[in-house]
2 protein chains.
Amino acid sequence: MSLDGQLPPKMRLLHAAAELLAKSAGASVSTRQITQLAGLTAPTLYHHFGDKEGLFDAVVTAGFEEYVAGERDFAPSGNPLEDIRRMWDNHVQFGLKQPELYLVMFGNLRPESRPAIVADAESLMEEMLNKAAAAGQLNVQPREAARSILAANVGVTLMLIAEPAAERNLELSTMTRDAMIFAVSPAQAEGAATEDSARSSVVVAAIALNAALQASHSDQLSSSELKLFLEWLHRISTSTSS
Amino acid sequence: MSLDGQLPPKMRLLHAAAELLAKSAGASVSTRQITQLAGLTAPTLYHHFGDKEGLFDAVVTAGFEEYVAGERDFAPSGNPLEDIRRMWDNHVQFGLKQPELYLVMFGNLRPESRPAIVADAESLMEEMLNKAAAAGQLNVQPREAARSILAANVGVTLMLIAEPAAERNLELSTMTRDAMIFAVSPAQAEGAATEDSARSSVVVAAIALNAALQASHSDQLSSSELKLFLEWLHRISTSTSS
DNA sequence: TATCACCTATAGCATTGCTATATGAACTGA
DNA sequence: TCAGTTCATATAGCAATGCTATAGGTGATA
């Protein structure tokens, strides 16, 4: 087993705990396993961390700092909503890379035991949403939007962790992500009221698709296909029947 | 302590475990506590459930059946989207009424340990979404929409459980709920063409157009054209948006 | 009555989180 | 230089935990 070079004992304990937790697949990790891997004995652990839970709290804190660093480390793209997408994806990737740590962080949140992490994560999201709001790209209060988006983000990440890595379908993430962002951006505000009679017509949908296709340089169709496709769209768009 | 009348020992163990779990506030519940409350001894527990985890699995299963019963027990309102709202609220209420049970059910989902519950919950949601799709109120595939909505539903419930009951703000739930439902309902298709995110907007618009075309029997295209057109739409619809 | 399957209890094992106590190392002030 | 103080680690062991080997009791069936 790795002796973690000659780091100070406190760090060796932290690393050993993190390592064992990461590969524990849900099984509980004993203090004896940890101290043995770190090449130490029990009292050292309790001297530095007081408690088994104290040690795991430290692991979680370290993991959270790594997460925050990841969330801050990309350059703003100028488009706040796009930045929020990257933030969302970053969150999901963090969860999938360290599922056990993520489950400890977000899967066992009880009111008495530190919603601090949640508050920090919300602030992070809110900060970004403030920029969106300043740019007129938000139709709800940033704080509420942040809480809502983060909740969905956590839910999606937990669900993805729950499925075997082989069948993991990230479309669940992108779909939910875009749904949430779409719902809080102002372009659609007026549509929300008409949920019942909605039934968008073929024409409207075709117009939307037409515009979207031309703006996106989709590579799903060849250029000749695209040309014909757009012509058909045009025929549908300009027809007067619903 | 309640002796649970004179129920059979198996049931007494189940009830005792559920009761202790409910008031455990996250602390671990020992088999000795359970057997003592049930008025039995250890071997009885292991005879009936094999394992401590087996017992808790049984508790979770019972809780899940209660949850499913709750989800099925309201009469369809005629408006599928409205029914989905009630389903969502039901889910949240279940989680808030039995937070510890809910955390065991949805907060510790690992790939190796039963995504069965998730699959069942998804089916439940998908069933309802099928009705919405049949009524032309859906612009994505019901299965994907079900997974997405359920993920957000779980995330919101976990977040609400994490905050002290006093400060619990159910607006987080209704806001996220409506955002998700709004995003999968066809009303918003026309707004999708935002500048930078054009790619995923193409997908949304294509799905909407696909659904609209199939429901409207448009005569703008010949049947052979329509067939090819729909095939292309499908290609676009199922492409993974970045 | 005898048999047999099922259910429960007594007693105890190995492992767990944790600690009382003691030992060593490093620094401090004279 | 050295006693005193503080920090850090080890030895050994306790109480509680999940679990089990074994045996005793109960009812139905023959």
Side-chain angles (χ1 to χ4, degrees), chain A residues 1-61 100-101 103-104 108 110 112-114, chain B residues 1-61 100-101 103-104 108 110 112-114:
Chain A
M1 298 304 171
S2 83
L3 288 176
D4 272 341
Q6 278 308 337
L7 291 168
K10 191 169 180 178
M11 288 301 164
R12 288 197 305 201
L13 286 168
L14 262 180
H15 288 179
E19 184 177 334
L20 289 174
L21 178 68
K23 61 176 64 166
S24 73
S28 61
V29 179
S30 74
T31 58
R32 280 173 172 83
Q33 289 175 348
I34 297 171
T35 54
Q36 178 179 341
L37 178 58
L40 298 165
T41 52
T44 308
L45 191 161
Y46 293 92
H47 173 73
H48 288 288
F49 299 98
D51 217 344
K52 183 188 186 182
E53 196 186 332
L55 171 56
F56 279 94
D57 277 3
V59 172
V60 166
T61 299
E100 301 298 334
L101 179 60
L103 285 174
V104 175
N108 276 311
R110 288 182 178 77
E112 61 275 8
S113 82
R114 123 203 92 248
Chain B
M1 298 303 172
S2 83
L3 288 176
D4 273 341
Q6 277 309 338
L7 291 169
K10 192 169 180 178
M11 287 302 162
R12 288 197 305 201
L13 286 168
L14 261 180
H15 288 177
E19 183 178 335
L20 289 174
L21 178 69
K23 60 176 65 166
S24 73
S28 61
V29 179
S30 75
T31 59
R32 281 173 171 84
Q33 288 175 347
I34 297 171
T35 54
Q36 178 179 341
L37 178 58
L40 297 166
T41 51
T44 308
L45 191 162
Y46 292 92
H47 173 75
H48 287 288
F49 298 98
D51 217 341
K52 182 189 186 183
E53 196 186 331
L55 171 58
F56 279 93
D57 278 2
V59 172
V60 166
T61 299
E100 301 297 334
L101 178 60
L103 284 174
V104 175
N108 276 311
R110 287 183 179 77
E112 61 275 7
S113 82
R114 122 201 94 245

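These numbers come from a predicted model, not from an experiment. Reminder, nothing fancy here: chain letters follow the sequence lines and each chain counts from 1.
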Exercise. For side-chain contact (heavy atoms from CB on, under 4.5 Å), just list the numbers for Leu103(A) and Asn108(A), CA-CA rounded to whole Å, side-chain angles, deciding distance to a tenth of an Å, and then say yes or no.
Key: CA-CA 7 Å; Leu103(A) 285 174; Asn108(A) 276 311; 5.8 Å; no

Between CZ of Arg32(A) and P of dT19(C) the distance, given in whole Å, is 13 Å

Side-chain contact check for Pro9(A): nearest option of dT16(C), dT9(D), dA9(C) is dT9(D)

From the candidates dG18(D), dT11(D), dA21(D), the one with an atom nearest any side-chain atom of Ser30(B) is dG18(D)

From CG of Leu13(A) across to P of dC18(C) the rounded distance in Å is 14 Å

With the side chain defined as heavy atoms from C-beta on, Pro43(B) is closest, among dC7(C), dG17(C), dA21(D), to dA21(D)

When rounded to the nearest 0.5 Å, the distance separating CD1 of Ile34(A) from CZ of Phe49(A) is 9.5 Å

When rounded to whole Å, the NZ to P distance for the pair Lys52(A) and dT15(C) reads 16 Å

note: Met11(A), atom CE; dA8(D), atom C1'; distance rounded to Å ~ 16 Å

inquiry  = Taking any heavy-atom pair under 4.0 Å as a contact, classify Leu45(A): base, sugar-phosphate, or nothing.
reply    = nothing

d(Tyr46(B) OH, Thr41(B) OG1) to nearest 0.5 Å is 11.5 Å

inquiry  = Less than 4.0 angstrom between a side-chain N/O of Thr44(B) and OP1 or OP2 of dA9(C), yes or no?
reply    = yes

Comparing Ala42(B) with Pro8(B), nearest DNA chain C nucleotide closer to 5' gives the residue Pro8(B)

Between CG of Asp51(A) and C1' of dC18(C) the distance, given in whole Å, is 9 Å

Ile34(B) atom CD1 is separated from dT17(D) atom P, nearest whole Å, by 11 Å

Apply salt bridge (Lys or Arg N to Asp or Glu O under 4.0 Å) to residues Glu100(A) and Arg110(B) and explain how you reach the verdict. CA-CA 9 Å; Glu100(A) 301 298 334; Arg110(B) 287 183 179 77; 2.9 Å; yes

When rounded to whole Å, the OH to P distance for the pair Tyr46(A) and dA10(D) reads 14 Å

* Determine: side-chain N/O of Thr41(B) to OP1/OP2 of dT8(C), distance under 4.0 Å, yes or no. => no

Between CD of Glu53(A) and P of dC18(C) the distance, given in whole Å, is 9 Å

Review point. Under 4.0 Å between a side-chain N or O of His47(A) and OP1 or OP2 of dA8(D)?
Key: yes

Interatomic distance, CD@Glu19(B) vs CZ@Arg12(B), rounded to 0.5 Å, equals 13.5 Å

